[in-house]
Amino acid sequence: MNLLAPNRIDPAFRADVLAGFRSARRAIPARWFYDRAGSELFERITGLPDYYPTRVETALLQRIAPEVAERVGPGRAVVEFGSGSSIKTPHLLEAVAPAAYVPIDISGEFLRESAAALASDFPKLSILPVEADFMHPIAPPPEIASLPKLGFFPGSTIGNMVARTAVNLLRAMVETLGVGSMLLIGMDRIKDVSVLIRAYDDPEGVTAAFNLNLLHRINRELDADIPVDAFRHRAIWNDRFARIEMHLEATRDVAFSIEGERFTMAAGETIHTENSHKYGPRDARLLLRAGAWTPIAEWTDDEDRFALILAEA
Ligand code: AVI
């Protein structure tokens, strides 16, 4: 056994995985998808023909950015929650011409990569990356203390949270940015179930590989021997909660061990790995209000697939 291995294990990952397998309804938080392989697979998902959110939101942002700039006014600091995606952020920065740009991400590596990429496109912009977990209030860099702020949270990442967590995050954002700030947030709309299922179960099998990578990650990083070939990817529409759920379903009875603990699953049993909530116009506004934000403008694409909402605290 590699004596260095225990040092590389994230204790929170181990705790979440073990708790998830011990529970009667097996579930692992979606945040653990994003190791290097998972992040690369997610990048591929965003380019898939059936995965509309990234494409539609980017085009929408490009179209409305001048109007957003007019509404928010000059001289703001743009604070992005999650590391700046190379495609979306420049559209906003070009239009808003902010005084500073503050990307916040828990992964220092992604933060440095995206900050470096943006710095070459916006050489005069002051970029102040913050390595932190934005689920909790964060003290912004002192350089932007006196500037009015615009939060940016694209991608409908909020949709990966259950309502209580989403509300807590929105309130943490008010604390981070301060009362009087604005927030531009992306939220995916409820739509035809067949369109949603295709977006989360693409014929190319990239989303399946993304989901199954979680089991590979458990085998790679923990002391585990899960037979990954005995699981298949499932994407299910849960109408009651208006969300796509991703699961990993055992295709036969399986037994395996994780960190010396034995687990069995019967054929057909699943591990719940992700929720991706979708919002009607009223749901979106209610969620924002519950999170202490007042929506002031809203834009959608021609087919009403995706919404960008501007709110103020
Ligand atoms: C990151 N997040 C907004 C994606 C989504 O659409 O919920 C994650 C994803 N899962 C499967 N495909 C994409």
Side-chain angles (χ1 to χ4, degrees), residues 27-58 60-61 80-89 103-107 110 114 133-135 152-163 165-166 169-170 184-217 231-238 241-249 270-279 283-284 287 301 305-309:
I28 299 173
R31 62 188 278 237
W32 299 115
F33 278 139
Y34 302 93
D35 64 350
R36 171 122 327 246
S39 301
E40 279 166 15
L41 285 163
F42 179 65
E43 274 305 306
R44 282 181 58 198
I45 289 174
T46 63
L48 290 171
D50 285 315
Y51 190 75
Y52 62 86
T54 310
R55 199 175 56 252
V56 173
E57 186 188 34
T58 306
L60 178 62
L61 179 62
E80 181 164 2
F81 297 93
S83 76
S85 115
S86 45
I87 3 173
K88 290 172 206 166
T89 314
I104 305 176
D105 202 281
I106 200 161
S107 156
F110 281 121
S114 53
D133 178 3
F134 62 68
M135 297 302 291
F152 184 43
F153 194 38
S156 203
T157 304
I158 192 102
N160 295 132
M161 296 160 213
V162 295
T165 313
L169 170 61
L170 289 166
L184 183 66
I185 183 169
M187 294 170 97
D188 197 9
R189 283 278 209 247
I190 296 173
K191 57 183 64 63
D192 195 288
V193 173
S194 64
V195 174
L196 287 168
I197 296 290
R198 268 203 316 278
Y200 290 84
D201 195 1
D202 59 281
E204 293 89 343
V206 184
T207 311
F210 173 70
N211 200 4
L212 287 159
N213 178 60
L214 185 60
L215 299 182
H216 286 297
R217 180 177 185 186
F231 287 86
R232 72 175 181 117
H233 165 68
R234 298 283 317 275
I236 299 159
W237 173 248
N238 182 329
F241 292 107
R243 70 189 185 200
I244 286 282
E245 293 180 4
M246 296 213 310
H247 291 253
L248 289 163
E249 182 187 293
T270 76
I271 310 161
H272 186 175
T273 50
E274 188 181 60
N275 292 317
S276 193
H277 294 86
K278 310 300 166 190
Y279 306 93
D283 310 328
L287 184 65
D301 61 294
R305 284 170 291 181
F306 202 96
L308 277 161
I309 304 175

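Whatever order the structure lists them in is the order used to number ligands and atoms, beginning at 1. Residues: numbered from 1 along the sequence shown. Model, not experiment: these values are computed from the prediction.
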task: Determine, step by step, whether Glu274 and Asn160 satisfy the side-chain contact (heavy atoms from CB on, under 4.5 Å) criterion, reporting the C-alpha distance in whole Å, the side-chain angles of both residues, the deciding distance to 0.1 Å, and the verdict.
output: CA-CA 7 Å; Glu274 188 181 60; Asn160 295 132; 3.4 Å; yes
task: Side-chain contact test, heavy atoms from C-beta onward, threshold under 4.5 Å: evaluate it for Leu61 versus Leu184 and give yes or no.
output: yes
- prompt: Can Asn238 and Asn275 be counted as having a side-chain donor-acceptor contact under 3.5 angstrom?
  reply: no
Can you list the ligand 1 atoms lying under 4.0 Å from a non-hydrogen atom of [X]?
{"X": "Ser156", "result": "3 (C)"}
{"X": "Ser276", "result": "5 (C), 6 (O), 7 (O)"}
{"X": "Glu274", "result": "8 (C), 9 (C), 10 (N), 11 (C)"}
{"X": "Tyr34", "result": "1 (C), 8 (C)"}
{"X": "Gly155", "result": "3 (C)"}
{"X": "Tyr200", "result": "5 (C), 6 (O), 7 (O), 10 (N), 11 (C), 12 (N), 13 (C)"}
{"X": "Tyr51", "result": "4 (C), 5 (C), 6 (O), 12 (N), 13 (C)"}

query: Looking at Phe33 versus Phe42, is the centre-to-centre ring distance below 6.0 Å?
result: no
Is [X] close to ligand 1, meaning an N/O of one under 3.5 Å from an N/O of the other?
{"X": "Asn160", "value": "yes"}
{"X": "Thr207", "value": "no"}
{"X": "Thr157", "value": "no"}

task: For the pair Glu40 and Arg36, find out whether any cationic side-chain nitrogen is under 4.0 Å from an anionic carboxylate oxygen.
output: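 A salt bridge is present here (some side-chain N lies under 4.0 Å from a carboxylate O).
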message: Below 4.0 Å, non-hydrogen atoms only: which portion of Phe33 touches ligand 1? Side chain, backbone, both or neither.
response: neither
field: Arg243 charged N/C atom sitting above Phe241 aromatic ring, 6.0 Å / 45°
entry: yes
I'd like a table of donor-acceptor pairs (distance under 3.5 Å, sequence neighbours excluded) in which one partner is a side-chain atom from residues 195-204, with atom names and distances.
{"from": "Arg198", "atom 1": "NE", "to": "Asp50", "atom 2": "OD1", "distance (Å)": "3.4"}
{"from": "Tyr200", "atom 1": "OH", "to": "Ser276", "atom 2": "OG", "distance (Å)": "3.1"}
{"from": "Tyr200", "atom 1": "OH", "to": "Lys278", "atom 2": "NZ", "distance (Å)": "2.7"}
{"from": "Asp202", "atom 1": "OD1", "to": "Thr207", "atom 2": "N", "distance (Å)": "2.8"}
{"from": "Asp202", "atom 1": "OD1", "to": "Thr207", "atom 2": "OG1", "distance (Å)": "2.5"}
{"from": "Asp202", "atom 1": "OD2", "to": "Glu204", "atom 2": "N", "distance (Å)": "3.3"}
{"from": "Asp202", "atom 1": "OD2", "to": "Gly205", "atom 2": "N", "distance (Å)": "2.8"}
{"from": "Asp202", "atom 1": "OD2", "to": "Val206", "atom 2": "N", "distance (Å)": "2.8"}

- request: Using a cut-off of 6.0 Å, state whether more than 12 heavy atoms not belonging to Arg44 lie near its atom CZ.
  value: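 Atom CZ in Arg44 is not packed in, count stays at 12 or less.
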